[in-house]
Amino acid sequence: MGYLGVYDRTIFYSPTSKYCVISVKTSDRSVPQEARSAYRHRDHLIRFVAVGYGLPLTDKVSMILDGDWQNGKHGYQLQVKSCEEIVPQTKDGIQGYLSSHLIKGVGEKTAALIVERFGADSLNVLENEPERLLEIKGITREKLDGIVNSCEQSRSLRDLMILLSPFNVTPVTAAKIYEYFGAKSVEILQNDPYELCRISGFGFKRVDAIVLKGDCKPNAPMRIHGAIFAALDTQKNDNGHLFLSGEKLLHTASKLLNEKLPEPQINVSKEEIDAVLKQMILKGEVVSSDGRIYQTKCFVQEDETACKIAKMLSEKTKDSDVRTALASVRDTLGITLSQKQTEAVYMAFRSKLSIITGGPGTGKTTVLRAVIKVFEYLYPKGKILLAAPTGRASRRMAESTRRKDASTLHSLLGLVGDSEFIPKGGKTAPLEADLIIIDESSMVDMWLADRFFSRIDPKTLVVLVGDADQLQSVGAGDVFRELINCGNIPVTRLGEIFRQKKDSLIAYNAQSINAGQSALTYGEDFRFMKCTTQQEAASVICDVFCDRVSKYGIDRVQILSPFRSEGEAAVDNLNIVLREMVNPVRDDMPDLKVGGKYFRCNDKVMQTKNSTAASNGDIGFIQDIRTNDKGDIEVVISFGEDRTVKYGMEDMANVELAYATTVHKAMGSEYDVVILPIIRSHAIMLKRTLIYTAITRAKRKVILIGQKGMLIMAIGRNDTGVRNTALGERINNYLKVQSLHKSELKQAS
């Protein structure tokens, strides 16, 4: 049953995805009482909220909306599955429909010109004879293509929404599916709904439960195909594995396929799974290499990166007088380098690729400054590029090296977002640089490494800097450790602590933790406060946070919690409680709800995904929440250093409160004070690398809150975590092939 109504007003609209939340007015008394607006209107019509994709934002047309009523944080809303427009066959009706934001490139002026030219036949022309729109002045071939593509996309998305209705898919998710599969989305999913497993958020179990209700047999090849892909994808996303062994893959896929089947006699056998896997290998849908099964894209990323690095290592560097340059630089900077630091500087000029690794206080920054100055001495006209995986890390790099041109890796490579999708116009040409230095390299995953090394010019020197003892990259792979351990890349390990400031205990305790030693040294800058329960820990954390904020400022104090959403001492709860303590609601303070999130002016917030305006991990403060000249809600966030960004409602989906954050989110960042709960409730996450990563985010003070027994347990858990990746092995294999080839050429000559 559908509801006949008319557009009333826009609550939210995204011009990018066409996702909208609107108020609809209707005389239909079957609208549930709890869904009706409480406000009375002169027209005596009922108002309700509808959520959907591409709904007409004009009262010039009527619409029949079909969908499901859902009760959420914003009350009862109609989640629209299908919308049928009833367009009056009058000039006003057609013009109102055309100018309702449904068709990209057709605004009020263009709509008026179309109706003036074609009258009541305008919709027929648009649908069946779009070429005739070129008769209208101002509509170029390029603009026509945009209009036609927009119409096709709208039709495809509506068909897609109908097809996906059993999966309870939101319009935003439907738009993601369309972006992934394009115009053939409906055709692909009609033939094989398990293709949905390729999209984030569609686990195999969700899709399988719905498909099995139809006539799909448990051992259908498309079902087995979906399980194999899901097994590889889940292991990549959850555990960072680039591949699975053939036996492990068969076992994992078998578990997925048979877990919910009611009768053992209909179980899918490993022989049936193996048969489908072999077909997938033959078709190139997955890659088998030495008994390892990869998703094709993962294999290509690993293999191409290994090949590129092997070629770099085979390239000869220029002969240069580093000794004289370094002597001059020592005098200029007024620094003294240890033997290891000196070796690191020399190595940067002896190999096309070299690595510097070490913990806090071991002098990595001093080495970087020396490398940069030596390079400038040797090559005054040479170009240097500095980058890091996050915005905060890149700005810290700029500050420590005293160069303002450090950027994020995404910005350097022309990438938008954190996904493996490379946008149109994404850069592919070699980076124009003679020296590239990448800091916080332990954060670089396999996908980003592939993007980076594919852009390296043969003449370029590359220096990777980082701490190999930190947490592994969030994305799949273990690039930094693989490069260090392969044995063919020059590596300088800095172990001697040089930092002699008040925060020296942090560096010494970090070394002890790395060595598995739980007998730490406590003092003013490294404290432990005992608590037994999560509730008690949360209370102490809040008190300590407020006390330290009063001394250092709210931007320099950070709570890092192992858990995001479980319990009082987890990130989500701490953010809510702390915000009420440091930024309570006021009558004169603008606020905003975005989905389940609530923001106020002056809130401390974090950007959670890379964008053109801000980087993943950037922390700032909401300066203003206002309505702009176009009537759209606008949030102004200051990220410091005179860097202010304006956010629309859609952009705020990638922003969250940041009084507390996870340890993983803090990678690449540095704060004056770090507060870390270590309690029994978080035991599953408490491991050596997490503790080490958290405390090395602090420059001045570390305050641990919880139970020392849990700290001792965590330090004893050596969890570097073996990920299935063969990057180092592939580099060495390529180097052997190159060596054999050179040997053969030498013999032949």
Side-chain angles (χ1 to χ4, degrees), residues 167 180 189 192-213 216-303 419-420 445-447 472-478 482 684-685 687 719-727 729-730:
F167 297 91
Y180 192 94
L189 297 183
D192 186 357
Y194 288 95
E195 289 291 297
L196 281 173
C197 295
R198 296 178 180 268
I199 310 295
S200 176
F202 282 94
F204 175 82
K205 293 180 181 179
R206 179 184 179 187
V207 177
D208 195 46
I210 295 170
V211 177
L212 281 179
K213 290 178 182 178
C216 178
K217 294 180 179 180
N219 63 347
M222 74 171 182
R223 183 170 181 260
I224 298 173
H225 181 284
I228 290 172
F229 185 87
L232 289 170
D233 208 47
T234 300
Q235 290 294 322
K236 176 172 75 77
N237 295 332
D238 293 352
N239 299 316
H241 296 318
L242 293 178
F243 64 81
L244 290 179
S245 68
E247 186 59 35
K248 176 68 174 177
L249 178 57
L250 291 177
H251 173 77
T252 307
S254 176
K255 189 175 179 180
L256 280 173
L257 289 162
N258 296 317
E259 190 174 18
K260 297 295 183 180
L261 295 183
E263 301 173 17
Q265 60 266 32
I266 62 173
N267 278 3
V268 183
S269 69
K270 287 190 177 181
E271 289 74 20
E272 290 173 309
I273 301 170
D274 190 46
V276 173
L277 175 59
K278 287 175 179 174
Q279 285 298 312
M280 292 174 71
I281 293 170
L282 288 173
K283 293 177 181 178
E285 294 175 319
V286 295
V287 174
S288 176
S289 173
D290 296 324
R292 303 158 176 159
I293 310 298
Y294 292 79
Q295 291 182 23
T296 302
K297 62 183 179 183
C298 291
F299 177 81
V300 170
Q301 290 164 10
E302 185 179 79
D303 192 63
S419 69
E420 298 186 10
D445 61 18
M446 193 64 254
W447 172 74
Q472 294 163 302
S473 59
V474 174
D478 197 5
E482 283 278 293
I684 193 172
M685 293 292 292
K687 299 174 184 177
D719 69 317
T720 301
V722 177
R723 292 182 171 184
N724 292 346
T725 167
L727 178 62
E729 180 183 320
R730 291 191 187 284

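Counting begins at 1 with the first residue of the sequence.
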How far apart are the C-alpha atoms of Tyr194 and Phe204, what are their side-chain angles, what is the distance that settles it, and do they pass the side chain to side chain contact (heavy atoms under 4.5 Å, CB included) test? CA-CA 7 Å; Tyr194 288 95; Phe204 175 82; 3.5 Å; yes
Short question: side chain of Thr296, backbone of Gly284 - any donor-acceptor pair under 3.5 Å? yes
Distance, nearest 0.5 Å, that separates CG of Asp208 from SG of Cys216: 7.5 Å
Closest non-hydrogen atoms of Ala253 and Ala231, given as atom of the first, atom of the second and distance, are N-CB, 4.3 Å
Minimum-distance pair of heavy atoms, taken over all atoms of His241 and Val722: CE1-O, 3.5 Å
Might you point out which heavy atoms bring Pro221 and Val276 nearest each other, and give the distance in Å? O-CG1, 4.0 Å
Would you call Glu302 and Arg292 a salt bridge, using N to O less than 4.0 angstrom? no
Any side-chain heavy atom of Asn239 within less than 4.5 Å of one from Arg723? no
Which atoms form the tightest heavy-atom contact between Leu256 and Arg223, and what is the distance? O-NH2, 4.4 Å
Reported CG-to-CD distance for the pair Leu277 and Gln279, which is rounded to 0.5 angstrom: 10.0 Å
Are the side chains of Leu242 and Met446 in touch, meaning some heavy atoms are under 4.5 Å apart? yes
Give a yes or no answer on whether the side chain of Arg730 reaches the backbone of Asp303 with a donor-acceptor pair at less than 3.5 Å. no
Can you find a heavy atom in the side chain of Leu249 that is under 4.5 Å from one in the side chain of Ile228? yes
Rounded to the nearest 0.5 Å, the CD atom of Glu247 sits from the CG atom of Asp274 at a distance of 9.0 Å
Paired with Leu257, the side chain to side chain contact (heavy atoms under 4.5 Å, CB included) test is passed by just one of Ile224, Asn267, Thr252, namely Ile224
Could you tell me whether the side chain of Leu196 reaches within less than 4.5 Å of the side chain of Arg206, counting heavy atoms only? no
Looking at Asp192, is its backbone amide N or carbonyl O close enough to the side chain of Glu195 to form a donor-acceptor pair, meaning the two atoms are under 3.5 Å apart? no
Do Gln301 and Gln295 have side chains that get closer than 4.5 Å, going by heavy atoms? no
For Gly477, is there any backbone N or O sitting under 3.5 Å from a side-chain donor or acceptor partner on Asp445? no
Distance-only, no hydrogens or angles: does the Asn237 side chain make a donor-acceptor pair with backbone N or O of Asp233 under 3.5 Å? yes
Reported CD-to-CD1 distance for the pair Gln235 and Ile293, which is rounded to 0.5 angstrom: 14.0 Å
Taking atom CG of Leu282 as the centre, report whether more than 12 heavy atoms of other residues, nucleotides or ligands fall under 6.0 Å from it. yes
Looking at every heavy atom in both Leu727 and Glu482, which two are closest together, and how far apart are they? N-OE1, 3.0 Å
Distance-only, no hydrogens or angles: does the Asn724 side chain make a donor-acceptor pair with backbone N or O of Phe243 under 3.5 Å? yes
For Lys270, is the NZ atom crowded, meaning more than 12 foreign heavy atoms sit under 6.0 Å from it? yes
What distance do Thr234 atom OG1 and Phe229 atom CZ have between them, rounded to the nearest 0.5 Å? 9.5 Å
Rounded to the nearest 0.5 Å, what's the gap from CG on Asp478 to OG on Ser473? Could you check? 6.5 Å
Using every non-hydrogen atom in the two residues, find where Val268 and Ser254 come nearest and quote the distance to one decimal. O-OG, 4.3 Å
